[in-house]
Amino acid sequence: MLFFPELIVLLSALVMFLVSLGSPGTAAVHRLVVILGAAVLLATVACLGQEGMLFFEAYRIDRFSQLFKLLLAAAALIVLLLSGRNPGIKTEVQAEYHLFLLIGLLGLMMLVSSVELLALFIALELSSFAVYIMVPLRRQSGGETFQMESAIKYLLFGVMTTGLMLFGMSYLFGLTGSTYLSVIVDQLSQLIAEPAALVAILLVMAGFFYKLAIFPFHFWVPDVYQGAANETTTFIAAVPKIAATAVLIRLVTLAGGDSQLVTPVLLICSIGAMFYGNLCALAQKDLKRMLGYSGISHAGFVLFGLLTFQNEGYALATYYVAGYALMNLACFLVICTVATAGQNLAIEDLSGLHRRSPLLALTLAIGLFALAGIPPFVGFTGKFMLLVNAFKQGLVIPVILAAINTAIALFYYLSVVRIAYCTDPHPGALRLQPGLTRSLTAVVLLLAIIALGVIPGLLVQPAVMSIGAML
Amino acid sequence: MDQLLLNTGFPLLSTLIFLPLVGAVLLLAITSEAGCRVVSLLVTSLVGLLSLLLLPGFDRSTALFQFAETRPWIPALNINYTVGVDGISLLLVLMTALIMPFCVLASWTYIKVRVKAFMICLLIMETAMIGVFVALDFVLFYVLWEAMLIPMYLIIGIWGGPRKIYASIKFFLYTLAGSVLLLVAIIWLYRQNDFSFFIPDMMWQPYSGTAQVLVFIAFFLAFAIKVPMFPFHTWLPAAHVEAPTAGSVILASILLKMGTYGFLRFALPIVPDATFLLMPYVLWLSIAGIIYGGFTALAQQDMKKLIAYSSVGHMGFVTLGIFLLNKQGIEGAILQMINHGVTTGALFLCVGMLYERTHSRELRSTMGVGKFMPVFVTFLTFFSLASFGFPGTNGFIGEFMILAGAFEVDIPLALAAIPGAVLAAAYMLRMLQKVVWGGTDNPDQSWINDLNRRELVTLAPFLLFVLWIGLNPAPFIDVMDHSVVALLEQLQAYRAQALASVSVLAP
């Protein structure tokens, strides 16, 4: 059963579709979808070791894809656990919301297994369209009506980058006469010096740069983060980035280590993302916008792993993006819980969080400290190993620039921790009761952030092995 | 790894590092505030007692790292968990482990809200601080060095005074921003040493002169901010003033020492050429700190601020001693690190005790309390005398050794440092005069109680140490002697080639 995890996701989506035909209560939908999410996770675990090809060799199941599917399923399950009371989504479309979330997950899972250009394209579009639909499902709260605006922005930017990607794919096909990545790899090693090949690869990458929110394809990030419901943003911030990293690893291996031109381009994108994301984040008042901009800078770090063109770098990028998802999920767990009516949170709204809920405050603080790259959390270990690896390749100046960036990032992360821990709650702010499920989720996230930070081998080892198996 | 004497028996250092962490986890399960206090006191006392076991087992006749343990940690990057102590770090480990129980005692009634969280922060701090002094793997060192910022940030930010937020953020950003380039330097050294983070391997390697200067600058930024050296000291008064007593004691006694320890452990042996080249600048910067700290302390009305600025001066003496690069200087500096830890820690404890009673640290409003607190002012006077180096106290020995070393190097330099000692006497005596005898126009203070038994127990050991080091420093110097001599022997070999090999800053 090579297609088993995807099949379970597909079935889950179908179940949700059937549920949406009736008029189910929110609690029932949620209970059901968590069970389905857990089933998906179990299925991916069960299929970890599988290998094989499907669909006329367009779809490859290997350790690499299965590891990423596991990460995707775990992140998605946490998102599902978070969307419990789902105050941000209109009550009448709860089932539809989860339906599209699962379809999005299906698309992302297919993305990591696709080894043929058209399969890649279809998987990417499947996942993208699901998210395009999820964004405007937000409940209108107060006078805020920007969910439509941000959905349209997301769609237009998405379509544009998809167009660029298709253009690049047509080049690849024209150059090599095939849409299969394995054939393209063989052919491209002779063609890599040609400008056309370079343009082709970069254009194809653009589509995934958009998913990963890398400079200069990041323009949608702040508006979509702000406009989408908190739960939707959680999904967008964590899950697609994992899949995008997987595909970028596959594509970068196409360019190969001997490309003289791809490295500088990736380097510019990476450093640009770091500076742009961090400097813009400094000025933000809205928490989700701030995390959006900070996400751009973290994407820059992921690229740091890719541009070294060797297995270790790819494994570290995998480790980093998984860690990033964990840290982000921890922060968004707090956002979703504090925003009881599904509203957007200003950073000020977190004031005195430690009085309102010590666990949430701790979760937020550790999530942000980890994002800031302070030891011993996963964010530090990831950054450190990426920098060491880049240094080994002789990238001295970029490493220094990246180190300076971590210092810039401290300012805004720390100011949020300061608000949460060192101020008093607004008068009238109630004590927050995260509930058992969320408390447990928070504890699991915290333990994972610390454990992966102290023992990075837990994930780096499997990643190295799976990437070795892919090449 | 031949620089290590591997410990085959009981893993003493690991126990010292992780016992407080275990205690912190234990505290999570305890609900009563009194229980938290008692458990923290027990754990820190146990660590203190265990640390004493280091003394009988320590071989004073070698400069190797002893009690060493090593285990693979992140094999992919050749990062190991390697710890060990030599004569320099042993004293600092002992000081850290022995001071922590008194920090718990000082917080006994001072901390009234969220006691559990506070004690957890203290215990995590202890783990990180002991770890920093014994780490022999640069990544382990860096991780602990940075990780300790979080509990300290919370200690100042949650339990601190009125401007706690400003102070905690300033502390955090200054110290972390300072060590960002340290990370780059570590990675560079890793690459130069066959991809090893093992610190003894990095020492005494023939790096090019230009690279040494750059690495030195990265080291210097990180360590000078931590010390803090003038003009990087501006975070310190704010942090000291706002921190609760235990926080101030930890900052002054232990955290500041990490900067000077960093200079000794890393700057001197890893980049000796750059050290020789830049030595005059650091020396004169130290003098500037001594004079500046003295004058600023003289102008303070707030007792904590006064002691904080006096720390800038005292730590100036320590960096002066280190960069003299001779035996008296370095041994005096190490001794002065311990002295400053004992004396200033005790002074902060005293101020904390006074503050608990009068809710003020202003000299003006505490004027004349000596009349009602005879025992307290006895202690205060004693530690103040030690602080400005009264003969017979520990401060005298340290400053004397450093000044003697300075005369050996450069007479104008030594003469320039002397006003610092005079200034120290001036500001300390001014404080004493006000607190003990001054001001009869204050409102009635006869309701103030003298020290209780717990406070006596807290202060008495500090007094004993002040006298012990002051009257008989030989055993302390004996512990570090071999390590310092070995360090200097290696340094001398570099002295000859130092100036010739550097292209950037050569005169």
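The analysis underlying the following values was restricted to heavy atoms, covering all of them including side chains, and did not include hydrogens, waters or symmetry mates. In this text the structure is predicted, and so the values were computed from the model without any measurement. Every chain is numbered from 1 and lettered A, B, ... according to where its sequence line falls, protein lines coming before strand lines.
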Quiz item: Do B:Val143 and A:Thr381 come within less than 4.5 Å of each other through their side chains, counting heavy atoms only?
Solution: no
Quiz item: Near A:Arg63 CZ, under 6.0 Å, is it more than 12 heavy atoms from other residues, nucleotides or ligands?
Solution: no
Quiz item: Checking B:Ile79 against chain A: side chain, backbone, both or neither under 4.5 Å from a heavy atom?
Solution: side chain
Exercise. Name the region of A:Pro456, side chain, backbone, both or neither, that has any atom closer than 4.5 Å to a heavy atom of chain B.
Key: side chain
Quiz item: B:Trp188 versus A:Val396: any side-chain heavy-atom pair under 4.5 Å?
Solution: no
Exercise. Name the orientation class of the two ring planes belonging to A:Phe369 and B:Tyr153 (parallel below 30°, tilted from 30 to 60°, perpendicular beyond 60°).
Key: perpendicular
Quiz prompt | Which atoms of A:Phe380 approach chain B - backbone, side chain, both or neither, heavy atom under 4.5 Å | solution = side chain
Quiz item: Which region of B:Leu149, side chain (C-beta onward) or backbone (N, CA, C, O), has a non-hydrogen atom less than 4.5 Å from a non-hydrogen atom of chain A, or is it both or neither?
Solution: neither
Practice problem: Rounded to the nearest 0.5 Å, what's the gap from CZ on A:Phe391 to OH on B:Tyr190? Could you check? | Solution: 11.5 Å
Practice problem: Report yes if the side chains of A:Ile374 and B:Ile150 come closer than 4.5 Å at any heavy-atom pair, otherwise no. | Solution: yes
Quiz item: Can you tell me if NZ on B:Lys112 sees more than 12 non-hydrogen neighbours from other groups inside 6.0 Å?
Solution: yes
Exercise. Report yes if the side chains of B:Leu77 and A:Lys392 come closer than 4.5 Å at any heavy-atom pair, otherwise no.
Key: yes
Self-check item: Pick from A:Gln461, A:Glu312, A:His354 with the largest number of heavy-atom pairs that fall under 4.5 Å of chain B
Solution: A:His354
Quiz item: Quick check, are the ring centers of A:Phe384 and B:Phe197 under 6.0 angstrom apart?
Solution: yes
Quiz item: Are any of the side-chain heavy atoms of A:Val388 and B:Arg191 separated by less than 4.5 Å?
Solution: no
Self-check item: Contacting region of B:Tyr166 [heavy-atom separation from chain A under 4.5 Å]
Solution: neither
Quiz item: How would you list, in number order, the residues of residues 400-418 of chain A that have a heavy atom less than 4.5 Å from chain B?
Solution: A:Ile400, A:Ala403, A:Ile404, A:Thr406, A:Ala407, A:Leu410, A:Phe411, A:Leu414, A:Val417, A:Arg418
Quiz prompt | Distance, nearest 0.5 Å, that separates CG of A:Leu387 from CD1 of B:Ile187 | solution = 5.0 Å
Self-check item: Residues that B:Lys170 engages under salt bridge (charged side-chain N to carboxylate O under 4.0 Å, His left out), provided they are two or more places apart
Solution: none
